[in-house]
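Residue numbers start from 1 in every chain, and the chains themselves are labelled A, B, ... in the order their sequence lines are given, proteins ahead of strands. Keep in mind that the numbers below use all heavy atoms, side chains included, and drop hydrogens, waters and symmetry copies.
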Amino acid sequence: MDLNLKEIKPYGDTLGDGAVQLSFTLPLKCGAHSTEAARRLVLSMGFSEAEVVNNVDIGEGFTFFVVYGKGCRSIDVTTIEVAQVKTSVWSRAECNTKAPEMFDRKLIVVGACIGEDAHTVGIDAIMNMKGFNGHYGLERYSGFESHNLGAQVTPENLLEKAIALKADAVLVSQVVTQRDIHMKNLTQFVEMVEASGKRNEMLLIAGGPRIDNALALELGYDAGFGRGSYAEDVASYILQELYRRKTSALA
Amino acid sequence: MDLNLKEIKPYGDTLGDGAVQLSFTLPLKCGAHSTEAARRLVLSMGFSEAEVVNNVDIGEGFTFFVVYGKGCRSIDVTTIEVAQVKTSVWSRAECNTKAPEMFDRKLIVVGACIGEDAHTVGIDAIMNMKGFNGHYGLERYSGFESHNLGAQVTPENLLEKAIALKADAVLVSQVVTQRDIHMKNLTQFVEMVEASGKRNEMLLIAGGPRIDNALALELGYDAGFGRGSYAEDVASYILQELYRRKTSALA
Amino acid sequence: MTTSLGLDPKKIADLRKTADSITEKVRPLIKSNTTLTVERAVLRLMGLDGTDADGVPLPNVVVNHLRSILGGGIAIPVARGMLHHNLGINELAEKVSAGEISLLENTSVSRTRAEEFLTELVDEQLETIENNRKTREKMISDLGEGPKPWQYVIVATGNIYEDAIQAKAAAEKGADIIAVIRTTGQSLLDYIPYGITTEGFGGTYATQANFRHMRKALDEVSVKQGRYIRLVNYASGLCMPEIVVMGAFERLDMMLNDSMYGILFRDINPVRTFVDQYFSRMINAFSGMIINTGEDNYLTTADAIESAHTVLASDLINESFAKAAGLKPAQMGLGHAFEINPDTEDGFLMELAQALMLREIFPEAPLKYMPPTKFMSGDIFKGFIMNAMFNLAGVWSNQGIQLLGMLTEAMHTPFLHDRFLALENSRYIMNGARHIGDAVSINPDGIIAKRAHHVVDETVKFLHEVEFDGLLKSIAQGRFADISRTMDGGKGLAGVIEKNDDYSNPFALAMARKTGIGEEVTKWI
Amino acid sequence: MTTSLGLDPKKIADLRKTADSITEKVRPLIKSNTTLTVERAVLRLMGLDGTDADGVPLPNVVVNHLRSILGGGIAIPVARGMLHHNLGINELAEKVSAGEISLLENTSVSRTRAEEFLTELVDEQLETIENNRKTREKMISDLGEGPKPWQYVIVATGNIYEDAIQAKAAAEKGADIIAVIRTTGQSLLDYIPYGITTEGFGGTYATQANFRHMRKALDEVSVKQGRYIRLVNYASGLCMPEIVVMGAFERLDMMLNDSMYGILFRDINPVRTFVDQYFSRMINAFSGMIINTGEDNYLTTADAIESAHTVLASDLINESFAKAAGLKPAQMGLGHAFEINPDTEDGFLMELAQALMLREIFPEAPLKYMPPTKFMSGDIFKGFIMNAMFNLAGVWSNQGIQLLGMLTEAMHTPFLHDRFLALENSRYIMNGARHIGDAVSINPDGIIAKRAHHVVDETVKFLHEVEFDGLLKSIAQGRFADISRTMDGGKGLAGVIEKNDDYSNPFALAMARKTGIGEEVTKWI
Ligand code: B12
Ligand code: B12
Ligand SMILES: Cc1ncc(COP(=O)(O)O)c(C=O)c1O
Ligand SMILES: Cc1ncc(COP(=O)(O)O)c(C=O)c1O
């Protein structure tokens, strides 16, 4: 295939056809009029063609549409830079070997699911013995001392505990995202840490299915991990980043 | 619900949230970079938020994405006019009663699936005895004499037959639409009819799953019928339209 | 030829006996304590509602006011106050709130007088609830109801007005049951918010006004559709019995109500939970509501294959507690779920085995079957067919309550059309395979039968262990859902009050008489 | 305990006997005629390929040139010409095209000489094909192949380069078989287009160069995936046997090849079709290809419940013709489809009944199971679960070839990701219910068993009627697919040529010897 990276388009069955499937509901009665509205709405998104292939009354005056658009706008992918976590990923074994070479003590990690969020499976996956999907959690990493505070911890409590335990890294999990509650909680926590004057003493790491590194950086965290991350990603990051800070402080 | 018809947006779970589901493939490797490309592509369609919820390698360097966009553009539905078939729909019984009151002879209808298209189920549904979905076809309408020429009829043959039979209405079906072949076939036929000088002697009606009245008018037909149409729609239209022409010619 | 799995009836009877012995050992704990929310529920049953000038719910005001003497039960002191001041319960509470009246002072009203007064009040109040029950029964007999498995969907916009619109749309498209999911964190509030609400996260506040608004919407659509649509809320967390009271007054039809959910998943103190649970269930039983238990939740933290027996074990414990509180089998929406990793070879067969097994063990209960959630992902297409297989297992094993899966489970609370698609999915599958259970038999030496027998055997072992250690110790050992909770830990412990010998809860006895548990109730409350 | 439907073996044997008697009556017609494309196929087998200066395929040039004497078969006159002019077949044909040589003139070469020459040529050419067969067998034994049901997907972009990319992507994601759908209308061309092509409508031209391009792509991905990926095309329309020859040379693995499809669905003359079909199948048999028959097509015009017996009847007729042409049961991809209206109560059970019934009647054939198409609509979500149920029926009834349904069936030929989603659908369903057929039995008095018995009984009746009237008359009466075709109607009749006594097709005998039909062949060709 001869790709022009400056003009990448969706691919349906021919390079550059710009084919996209969409579905949505309009608060309009089902019929020819709302179908035309759906078609035009999709055209207004920059498609050269739009075909409403399904329109169905879903009750109370709403209509659900499935539309196929063609000739979608293109995107220049040469200019896209993604703020990815820059450290490399070591296996658990590697982490276990390298940690004592890098630090003369165990690194202390404190984690919690803050706010009213009670979804602990994610933070447990990263921190607990058992881990997730065959990847053990930080409790099985010899270079770490790991404290998982669990669910529905207030930002105040988390900070208090982190200070008391002299945490090197604080892990914050957020799964519920409706009305952007996760952004509010994460922001609140980071502001409290800053107000406490301890921001430079701990790495702040956010995680959850709707979190990525870019978002975490934006919110003032040092790193963020989304769906599909495992303890080794987090351990590798903490080791390498703290080591970098230690050595560059010395230099 | 308080709808502002000048600014209708898709509805996910709150009025005006502009929630839309999209899926498409990009000719890019699966990873953070292509995910960001997918996200930006969706943002460029006029969404205020876009979340890539699934990205998966589908082989040969392609990635399939599922994205949820929010805050989609709105559409002013007060300005939308749809070119709908204007006659009203009579039941078969009504057609049978009214036809002899309107015309003193049977109306002659000739139909075919033209070009290389061999999808006859649609035209059969409209014309044959048996009909479709419990709606009998034109052969069961006492006011009509119906000739179904079947599949893969050349435009030449159809026109020839229509002239020979003195057709009042010609029904053209097109189901295959890849690379817009249906547009080409339909246009070719209408041009041949015009060249023959007989355009005013017959109603030209197009039909098929991707045809609607607006498209048919655009292509130079008198009417068009899409998915979900039945013989009664077509019979009602032919009766009323030919009657209108007859009476307005007299006036 | 038989569609059964051939489970050994003796084994099943033994399982039930073990479960009864387990719950029996918790009985003394339940008997000897009351809680803040139980007493608030009594006040609500007496007719108290509303908030004070600061927005504090009046039941909380009064209970807090009488905190020091709750060991005797709140009904008598409040009845005395009403008689003494000759005030309705709301006016009385308002004056208590304003500091104008203290109910801690001695009154001239004799206990007998108060008891007589209460007997009348209790009858009156229970009649209201009974009338709701009759209204429900009449509507069902007039309008009819959907065939089982009932199609159950949730609304959770956070805004009760949007919820109502969406609920009606769902009912028009085939839903039989609407559950209004509660906002994140409501279960940890030790009070019930008041009035109509429009701001929740991942759910909508459970308030009596919201219940009423939704009930009205569903009654409208029930009539329009010619099918009674049931309404569900959540009796869990720190206000379990109060929610049930509100539901009884507003004609809710079902309540999520599990004997251990709060302990395990909300870290609520075990004693608090068991006490609250018993009284809640009495009200459920009396008002004709169906409870839904929460075994599905185990499988969100534990593995669905390894821990299948804990689901059955918990169903048996839930059943035993429910029976004790007067619930009939037809009111027991015992829970389970379709949560096996979709990559598992023959995973569907194992799901089916478990669903058929529960059907065979609880033949009369309208089992509540939960859809795949844990393995749902952003791949909405795959998720949609996982839901289809779940629906197939549901119709095959003749479930009572099918909680429809949403293709967007991994992303957001359901959009309007997600719910529509779920209903369409279920309609297609259940109609197309309606009588599959009659058309095929389970081979006794096939994977399905073997799996079911295996789970039963594991449960026998497991329940005997729990019986040996006792339920509370077993919970502390993390035997359920891999979560450990201790008797003196968790939220709400401070709200547990030891009863004294004078303790009186006049509603308990009255309801017990009507639900048929009679004097038995005094062993529990 | 048995997973069978308990069909009566005597009834099945009777069905087969009736089918044989039906095809036997068509034999004389096949025996006494040849066709333009059969003779062109002979030329291609002899090695002729390419086009003349005007782009006319050389096989057409030569056949047209010898039109007047085709009743004797084309092989001898061409062999004579080659010997007389001492030219290879391609050079000879080019000179014929240029008008430099006429093969109608008498040559000095004796018939015996020509026959000897042909024997050698035939051996040589058939060896090439045999080598392809061996290569396939070796690749399969070296690389392995996917478990059954094989996952079959189509590509149809119109552009062979895009097709190849998409085919490879599909193979990477689990496809076992790739079919390149032909462009609309190719089947009505009375010649084979030449060279690589990039412009088709709803499909891609079947040309030998396109076959080669795709075979190469699939060999690459077979090695990469460690799984032999099969390639399919369509031997139908007016060039049926020529396509098979091309396929044999380019190592295609399967051919759509139905004994009546062209008659019914392309309005091709019945005699033309039956004659073409027989020779096509001999080549299929010899080259080790699997044929796919087209019973699914009946259900696009007729109702899938009412006309289920016509599917079984046609399968039996296809089987009988196939046997006569030397095809082994393992080469018979007999067709059927999942096309019952999805609104039908217990529709899935009827689909399953029909699928199990065919499995029981044709235990060795790798049945080709077609997905829902007719009732697929713009509702891609519903379509996706219809495909899931189809996949469930496929794995349950142990189909050989599962043609995966596309969620966008009602809109367009498959997009790249439609195919991916289809493969994901099938993987999930088939893995999750892999051994369902072993785990459950069919109740003899349930809907499934009853439906299967009913269809068999209808077929017995139907086939006896067809036997009584004869196949050609039955077709004229519209007994198949509600479509009526007469012996003297349809396209391609002009291309049917009565054989004379000297008729010779040296490939037929040679292949017959190797496929084991031996002298029997002379009864048919
Ligand atoms: C399991 C579950 C529950 C369980 C939770 C049990 C528990 N102890 O955690 C129970 C049943 C209790 C539950 C309840 C509720 N849930 Co819930 N639940 C889910 C479910 C099905 C799976 C979540 C999960 O466990 N995923 C598996 C883990 C491993 O993935 P993960 O969390 O993404 O974690 C990974 C990464 O994100 C990352 N990660 C996560 N955190 C962190 C932190 C750090 C520091 C790092 C480095 C990495 C990291 O690493 C992990 C491993 O890869 C999801 C739906 C779904 N399929 O996703 C809904 C879901 C999350 N729940 C939802 C809701 C709304 C609720 C309720 C609020 C509903 C209600 N009103 O009652 C309640 C209340 C809970 C509360 N107070 O928070 C919604 C959230 C909607 C939204 N976007 O806001 C979802 C999406 C379902 C839905 N569609 O409605 N839920
Ligand atoms: C049945 C079918 C076939 C049958 C056709 C049998 C027959 N005798 O018609 C067979 C198996 C032969 C077939 C073959 C092919 N098909 Co086909 N087929 C279908 C299928 C499954 C259903 C079509 C149908 O019958 N619909 C039911 C009828 C009643 O609906 P309808 O046609 O829309 O008609 C209604 C209205 O549109 C309207 N109407 C239609 N015509 C007219 C005319 C007038 C005048 C009026 C008033 C109204 C009207 O009224 C009808 C009743 O409501 C569709 C997929 C699908 N589910 O839609 C693919 C489909 C149409 N086929 C397709 C293709 C590509 C082919 C092939 C070209 C594939 C190939 N390369 O071999 C071949 C070749 C056929 C050819 N030469 O044209 C594609 C077309 C893609 C595109 N958009 O271009 C589809 C969409 C499948 C796909 N996704 O690939 N097909
Ligand atoms: C039995 C039960 N109760 C309650 C809930 C709801 O949780 P909460 O009590 O936090 O609202 C659930 C969650 O699904 C449940 O299964
Ligand atoms: C048996 C059979 N042959 C051929 C075809 C393809 O049609 P055509 O020959 O027109 O390419 C089909 C269509 O699906 C078929 O089923």
Measure the acute angle between the ring planes of C/Phe381 and D/Phe381, then classify it against the limits of 30° and 60° as parallel, tilted or perpendicular. parallel
With distance as the sole test, does D/Asn443 use its side chain to make a donor-acceptor pair with the main-chain N or O of C/Asp438 at under 3.5 Å? yes
Check: C/Asp346 main-chain N/O paired with D/Asn431 side-chain donor or acceptor under 3.5 Å: no
Side chain, backbone, both or neither: which part of C/Met430 has a heavy atom under 4.5 Å from chain D? neither
C/Asn391 versus chain D, the contacting section by heavy-atom distance below 4.5 Å: neither
Look up atom CZ in C/Phe384 and atom CD1 in D/Ile380, then write down how far apart they are to the nearest 0.5 Å. 10.0 Å
With a 4.5 angstrom heavy-atom cut-off, is it the side chain or the backbone of C/Leu352 that approaches chain D, or both, or neither? neither
Check each atom of C/Ile429 against the heavy atoms of chain D and say whether the ones under 4.5 Å are side chain, backbone, both or neither. side chain
I'd like to verify something: which residue of D/Arg427, D/Glu345, D/Glu424, D/Arg434 has the highest number of heavy-atom pairs under 4.5 Å with chain C? D/Glu345
Max heavy-atom pair count under 4.5 Å with chain C, selected residue of D/Ala433, D/Gly446, D/Gly432: D/Gly432
I need the residue from C/Ile447, C/Ile340, C/Thr344 with the largest number of non-hydrogen atom pairs under 4.5 Å to chain D. C/Thr344
Between chain C and each of D/Asn387, D/Ile448, D/Ile385, count heavy-atom pairs under 4.5 Å; write down the option with the most. D/Ile385
Parallel, tilted or perpendicular: which fits the ring planes of D/Trp396 and C/Trp396, with parallel below 30° and perpendicular above 60°? parallel
Kindly check if the number of other-residue, nucleotide or ligand heavy atoms within 6.0 Å of NZ (C/Lys148) is above 12? yes
Can you tell if the side chain of D/Leu392 reaches within under 4.5 Å of the side chain of C/Met389, non-hydrogen atoms only? yes
